[in-house]
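Notes for the one structure printed next.
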Amino acid sequence: LQQWYASGVANVHRAQHRPGERATSAFEQARGTIARWLNAASASHIVLTKGTTESINLLAHALAGQFQPGDEILVGAHEHHANLLPWQQLARRQNLALRILPLDTTGALDLEKGLAMLGPRSRLLAVSPLSNVLGRRHDLAPLLQRARELDVLSVVDGAQYAVHQHPDLQQLDADFFACSAHKLYGPDGIGLLYAHPRRHALLQPWQWGGEMIEHCDYHSASARPLPLGLEAGTPNIAGTIAFAATLDWLDRLDSNAIRQHEAALHRLLIDGLHARDMQLVGQPDPALACFNAPGVHSADLAMLLGEQGVAVRAGQHCAMPLL
């Protein structure tokens, strides 16, 4: 970030001068780095946003024309508000049916019930592979395969997942995938929406303005193809470049050693919670742990731990319906 701002900044895709050319080159190289890290087939499949929340809200607006009253949107019971509320509000606006995929007693998606819920009125499936509350991983492959068979749009909220599992978007084969840089030790206020090319034609611009225009007169306008057609205005240029630098740094680390260390810390945490009669919620995989301390308010416990240098998330974790 310091190098970028110190070198003389300029906007991207707009100017013929050298600073503008330099900015555009660095920005698009960063998009390419992000695409390669995700194993996306092309950098043109990566739309840059403020983060996962904006990515999913973008989809809920850009896909609005694909629904008819009575169509069904299916979301997991474990979803973060960012992957629930945009679909909830879209369903309210357009008289759609919002259906909730249930969890089993371990906190995992009940695949048998979930697969049975996908049917002829299903139009969109929105799920996360890893709960930010329960720390439970979900096998999305059967649901995504069934969605493809039924031509149901699939949206994967990868904000939490990308931290604990390097995503491979070609293997995942979802229509849309979103994640945020700050979850990956990168800058705040930058993230991405991956859009599979088979769905590009369905996405209508949700914001209009500079650079995303292909043609404009006083009475009509047409948008450029993706990704620029969904990137109105000046983007977060410095944040995008820093995001790519973060991913380059992550690639230089030993991912196997990180996973082993994370698993060892998780075992230590779970054993410690059990030894102190904490109430563990669900059966978390080596990622997170959600627990209650009997007789102690979560806010009080968080404050006491914070005073000892231990940071925990207390409260409703942006997943109020789940809790």
Side-chain angles (χ1 to χ4, degrees), residues 37-41 45-46 52-53 55-56 59-60 63 72-88 98-119 121-180 183-184 191-199 202 255 259 282-288 290 317-319 321-322:
W37 193 82
L38 293 166
N39 194 27
H45 304 168
I46 303 297
T52 305
T53 299
S55 294
I56 298 174
L59 279 178
L63 293 172
E72 296 176 350
I73 295 177
L74 287 76
V75 302
H78 63 293
E79 298 304 323
H80 188 284
H81 292 165
N83 200 31
L84 167 65
L85 299 183
W87 309 119
Q88 178 198 87
L98 185 68
R99 306 191 67 193
I100 308 302
L101 301 173
L103 307 180
D104 62 22
T105 56
T106 71
L109 278 170
D110 190 320
L111 289 179
E112 183 177 352
K113 293 180 179 177
L115 289 169
M117 291 172 67
L118 282 164
R121 295 309 303 269
S122 302
R123 191 68 187 103
L124 184 139
L125 168 72
V127 287
S128 170
L130 177 60
S131 168
N132 72 298
V133 177
L134 302 178
R136 187 76 163 131
R137 298 174 194 265
H138 308 283
D139 180 13
L140 300 187
L143 289 170
L144 294 176
Q145 179 178 343
R146 183 61 175 155
R148 289 191 294 273
E149 293 169 356
L150 296 173
D151 195 30
V152 173
L153 299 167
S154 57
V155 179
V156 174
D157 174 355
Q160 196 70 45
Y161 174 75
V163 187
H164 302 282
Q165 181 71 44
H166 193 149
D168 184 333
L169 297 190
Q170 293 192 60
Q171 181 179 7
L172 185 68
D173 200 19
D175 292 322
F176 305 102
F177 178 92
C179 67
S180 302
K183 296 282 190 181
L184 294 160
L192 64 94
L193 171 66
Y194 161 83
H196 196 285
R198 62 178 171 242
R199 301 301 192 186
L202 303 182
S255 59
R259 301 293 172 253
Q283 297 179 15
D285 293 303
L288 307 167
C290 182
H317 307 285
C318 296
L322 170 62

May I have the step-by-step check of side-chain contact (heavy atoms from CB on, under 4.5 Å) for I73 and R123, ending in yes or no? CA-CA 6 Å; I73 295 177; R123 191 68 187 103; 5.7 Å; no
Can you confirm whether [X] sits close enough to [Y] that some side-chain heavy atom of one is under 4.5 Å from a side-chain heavy atom of the other?
X    : Y    : result
P129 : L172 : no
H81  : P321 : yes
L38  : L192 : yes
S131 : Q160 : no
L130 : V163 : no

What distance do L85 atom CG and H80 atom NE2 have between them, rounded to the nearest 0.5 Å?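 Result: 9.5 Å between the selected atoms.
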Between [X] (side chain) and [Y] (backbone), is there a donor-acceptor pair under 3.5 Å?
X    : Y    : value
D104 : G107 : yes
S154 : D175 : yes
D157 : T52  : no

[X] and [Y]: which non-hydrogen atoms are nearest, and at how many Å?
X    : Y    : value
V75  : N83  : CG1-O, 4.0 Å
H78  : L103 : ND1-CD2, 3.9 Å
S122 : L74  : OG-CD1, 3.6 Å
W87  : A60  : CZ3-CA, 3.6 Å
L109 : H138 : N-ND1, 3.1 Å
A174 : Y194 : O-CE2, 3.7 Å

Report the C-alpha separation of L153 and L202 in whole Å, then their side-chain angles, then the decisive distance to 0.1 Å, and conclude whether the side-chain contact (heavy atoms from CB on, under 4.5 Å) test is met. CA-CA 10 Å; L153 299 167; L202 303 182; 3.8 Å; yes
When you look at R198 and D173, which way does the salt bridge (Lys or Arg N to Asp or Glu O under 4.0 Å) test go after all the steps? CA-CA 11 Å; R198 62 178 171 242; D173 200 19; 3.1 Å; yes
Apply side chain to side chain donor-acceptor pair (under 3.5 Å) to Q171 and list each qualifying residue two or more places apart in sequence or on a separate chain.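 Q171 satisfies side chain to side chain donor-acceptor pair (under 3.5 Å) with no residue once adjacent residues are dropped.
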If a pair satisfies salt bridge (Lys or Arg N to Asp or Glu O under 4.0 Å) and one of its residues is in residues 127-140, list it, with sequence neighbours excluded.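 Applying salt bridge (Lys or Arg N to Asp or Glu O under 4.0 Å) to every pair that reaches into residues 127-140, excluding sequence neighbours, yields R136-D285.
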Counting only pairs under 3.5 Å, give me each side-chain donor-acceptor contact of residues 110-119, with atom names and distances, residues two or more places apart or in other chains.
unit_1, atom_1, unit_2, atom_2, d
D110, OD1, E112, N, 3.3
D110, OD1, K113, N, 3.2

Can you label the angle between the W37 ring and the H166 ring as parallel, tilted or perpendicular, going by 30° and 60°?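 The arrangement is parallel - the two ring planes meet at less than 30°.
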Between L169 and V156, does the side-chain contact (heavy atoms from CB on, under 4.5 Å) criterion hold? Intermediate values first, please. CA-CA 10 Å; L169 297 190; V156 174; over 6 Å; no
